[in-house]
Number of protein chains: 2
Amino acid sequence: MRARRATINDVADAAGLSRGTVSRVVNGEKYVSAEARMAVEAAIAQVGYVRNTAARNLVTQESRAIGLIIHEPHSLLFEDPNIGSILLGANEALSKADYQLVTLIIDSDRDSHRVADHLRGGLIDGAVIVSARASDPIAAAVADIGLPAAFVGHPDGTPDLPYAAIDNVEAARAITSRLLGTGRQRVGMIASALDRDSGQDRLAGFRAAMGERYDPRLVVEYPLYTYAAGFEGMQKLLRRDPSIDGVFAASDAVAAGAMTALQEAGRRVPEDVGIVGFDDSSWALRCRPQLSTVRQPAGLLGTTAAELVLAQLMGLPSSPRVLETVVMWRGSA
Amino acid sequence: MRARRATINDVADAAGLSRGTVSRVVNGEKYVSAEARMAVEAAIAQVGYVRNTAARNLVTQESRAIGLIIHEPHSLLFEDPNIGSILLGANEALSKADYQLVTLIIDSDRDSHRVADHLRGGLIDGAVIVSARASDPIAAAVADIGLPAAFVGHPDGTPDLPYAAIDNVEAARAITSRLLGTGRQRVGMIASALDRDSGQDRLAGFRAAMGERYDPRLVVEYPLYTYAAGFEGMQKLLRRDPSIDGVFAASDAVAAGAMTALQEAGRRVPEDVGIVGFDDSSWALRCRPQLSTVRQPAGLLGTTAAELVLAQLMGLPSSPRVLETVVMWRGSA
DNA sequence: GAACGCTCTGTGAACGCTCCCAGAAACCGC
DNA sequence: GCGGTTTCTGGGAGCGTTCACAGAGCGTTC
């Protein structure tokens with residue numbers, strides 16, 4: 001099949017030096033003469049040597065790879081643009097530290113086992129866990145193995161691992177207050193993803209901002225942050241109370257769906273109904289009018305979580321980090 | 001740090017058998033007595049053994065991992081829902097064959113080198129290459145190394161590797177003809193991504209369908225399949241010829257942008273202008289009216305490309321596959 | 001009862017690398 | 001010139017597997 005690959009011994013022979021010296025050059029260690037270093041480099045180029053990673057991993061007992069565990073149903077995986085940004089952000093931090101990012105996707109029970117084996121198999125030195133649910137078994141497995149890891153977000157009932165997150169409660173409270181500040185009288189919410197911390201917290205923030213004006217009849221709940229949830233949720237809210245004049249949607253995708261439903265029902269946005277979202281994803285600028293929303297630094301969440309894992313790997317202490325959010329006020333409310 | 005992991009020898013000792021027998025049990029080979037098998041299984045559970053993959057890879061000279069190489073700018077990575085579907089489709093096929101999918105993202109030159117090293121380092125037995133450009137260096141590197149690989153799509157000027165693709169020319173021709181069939185007189189196109197085969201071929205199909213009616217002034221070109229490209233492109237077409245009454249957008253995202261531009265310009269869709277897209281992505285159902293478009297089986301493309309790589313790994317011949325597309329006729333034209 | 005074939009088990013030899021120790025060579029200060 | 005330190009190199013040992021081979025045990029056939 002493929003030609004036999006050159007080994008460190010071939011390089012040593014070609015350079016007229018020993019294995020040990022070649023290894024020192026390859027790993028950039030001290031105590032190599034300039035002369036030897038040049039000879040080795042020439043020999044490497046000559047024989048086309050590339051280090052065999054499996055052999056290295058075997059002896060060093062590490063892999064220089066970090067897993068990004070995504071536990072998310074099919075449909076949502078790429079409808080939610082945050083996941084892509086988190087992925088790229090984590091990739092950036094790891095790439096800088098010369099680690100390889102390995103994406104592990106769980107979308108069935110079989111995947112769940114395969115991923116757990118992968119974790120245990122020593123193919124990965126650490127993990128970034130994205131979009132875990134409350135009491136997620138894979139998160140428990142990670143903690144159980146004792147693998148250095150960090151969450152993006154921090155679901156309840158999960159092991160005591162560091163995380164990179166935003167304060168969803170406070171951010172939701174802030175944008176709801178702002179919406180109320182435009183003089184709306186009947187404000188509802190389309191809540192989503194109550195099986196994870198972000199969904200719960202956004203609802204809690206909404207409730208906090210509403211205070212006495214909170215009316216459970218004006219809150220509808222959907223399992224996922226989707227456009228479809230927003231569309232249906234808004235129709236349901238309009239049926240429940242045609243006088244509704246403000247809506248907080250749990251994400252931009254949800255808000256976009258809600259806006260379509262409002263416009264089809266003949267309501268003007270923002271004149272008749274003000275609407276605000278959450279994420280400041282690409283949805284926000286695509287809506288007409290553009291969405292008022294909360295900007296969350298998705299890429300930075302990924303980068304930060306990756307850095308938390310790297311810190312653990314270097315034996316440094318790593319503690320949770322809460323990143324700032326900003327209310328982006330545009331035309332939808 | 002972490003406790004020392006149990007090895008195959010620990011299992012052998014616990015079971016009172018030899019390394020070889022344990023290995024045979026772990027790999028499900030023949031010639032193991034039921035008695036021995038049970039003893040080994042009990043011992044594995046007792047000592048908590050998990051196979052060390054690095055050691056295995058070292059001796060077998062394979063990794064049971066397949067790379068999915070995505071070469072795409074930041075912004076587009078998750079705006080294009082096809083990529084997510086391809087990823088999941090490939091994951092499914094590989095997961096079934098007990099291979100692990102490793103996602104390799106190239107979005108800078110440094111990434112490009114790191115990925116090339118990763119390929120060469122023996123960490124991967126094969127590769128699925130998504131969204132390569134014409135004459136993509138990473139594709140050349142893959143061919144150079146002699147790694148079994150397959151493309152999704154098949155850019156010009158790339159090495160002679162099998163691919164899973166759709167017939168973009170024919171599909172574009174078909175939907176353009178259908179658009180013409182609604183009686184449109186002035187039909188234009190918003191072309192995109194002419195640096196890759198899909199972009200080129202969709203333009204070629206459009207031109208073929210238009211025949212003598214083809215007017216280069218009614219074709220605008222943008223580098224990426226984005227909403228923004230559609231929005232701007234439509235405005236430009238309207239300026240060039242206000243009597244335009246039909247548009248073929250190179251993707252659904254582009255079509256969605258174009259539709260917004262038309263509606264802002266006070267044109268009714270489909271009464272004043274008919275518009276068709278390409279992909280049948282989640283964009284299509286989100287538009288009002290819903291988009292007429294070409295359904296391309298993105299998940300199946302990923303699955304098929306993965307299978308082509310697996311076939312090569314098993315020494316079977318693998319030849320290009322062209323998958324079927326279907327015109328989905330909805331309300332936008 | 002010898003010869004053969006099948007099933008099953010144990011063991012030495014790799015795989016390609018890093019780590020560590022021993023020792024050579026060079027440099028320093030007194 | 002001598003002991004001590006620092007710089008540099010070589011090579012044995014070992015990481016945890018799989019693989020190939022040797023050989024034991026047992027049943028079948030002539």
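Here is the naming used below: chain letters follow the sequence lines, and residue numbers restart at 1 for every chain. Predicted model only: the values in this text are computed from it and were never measured.
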Using both distances under 3.5 Å as the test, list the Watson-Crick or G-U wobble partner of D/dC19, or none. C/dG12

Partner of D/dC30 by Watson-Crick or G-U wobble geometry, both contacts under 3.5 Å, or none? C/dG1

Neighbour count above 12 (heavy atom, 6.0 Å) for A/Glu29 CD: yes

If you count heavy atoms of other groups shown closer than 6.0 angstrom to CD of A/Glu62, is the number above 12? yes

Rounding to an integer number of Å, can you tell me how far [X] [atom1] sits from [N] [atom2]?
X       : N      : atom1 : atom2 : value
A/Asn52 : D/dC15 : CG    : P     : 18 Å
A/Leu17 : D/dT7  : CG    : P     : 20 Å
B/Glu62 : D/dT18 : CD    : P     : 11 Å
B/Leu58 : C/dT18 : CG    : C1'   : 12 Å
A/Arg51 : C/dC17 : CZ    : P     : 9 Å
A/Arg56 : C/dC15 : CZ    : C1'   : 17 Å
A/Met38 : D/dT9  : CE    : C1'   : 18 Å
B/Asn9  : D/dT18 : CG    : C1'   : 13 Å

If only side-chain N and O atoms count, and only distance matters, is there a donor-acceptor pair under 3.5 Å linking A/Ser63 with A/Asp125? yes

Side chain to side chain contact (heavy atoms under 4.5 Å, CB included) with A/Tyr49: which of A/Asp10, A/Val11, A/Asn9? A/Val11

Can you list, by residue number, the residues of residues 26-37 of chain B that have a non-hydrogen atom closer than 4.0 angstrom to DNA chain C? B/Tyr31, B/Val32, B/Ser33, B/Ala36

Of the non-hydrogen atoms in B/Ala305 and B/Ala164, which two are nearest, and what is the gap between them? N-CB, 3.8 Å

Just to confirm, is there a sub-4.0 Å distance from OP1 or OP2 of [N] to any side-chain nitrogen or oxygen of [X]?
X       : N      : value
A/Gln61 : C/dT18 : no
B/Thr53 : D/dT17 : no
A/Ser18 : D/dG10 : yes
B/Thr60 : D/dT18 : no

Polar pair under 3.5 Å, donor/acceptor by atom type, side chain A/Arg19, base C/dT18: yes

Under 4.0 Å between any heavy atoms, over every strand shown, what does B/Arg24 touch: base, sugar-phosphate, or nothing? Just pick one. base

Side chain to side chain contact (heavy atoms under 4.5 Å, CB included) evaluation trace for A/Leu88 with B/Ile105: CA-CA 8 Å; A/Leu88 291 169; B/Ile105 298 170; 3.9 Å; yes

A/Ser23 side chain: which of D/dT17, C/dT18, C/dT9 is closest? C/dT18

Side-chain heavy-atom pair A/Leu313, A/Ile66 within 4.5 angstrom cut-off: yes

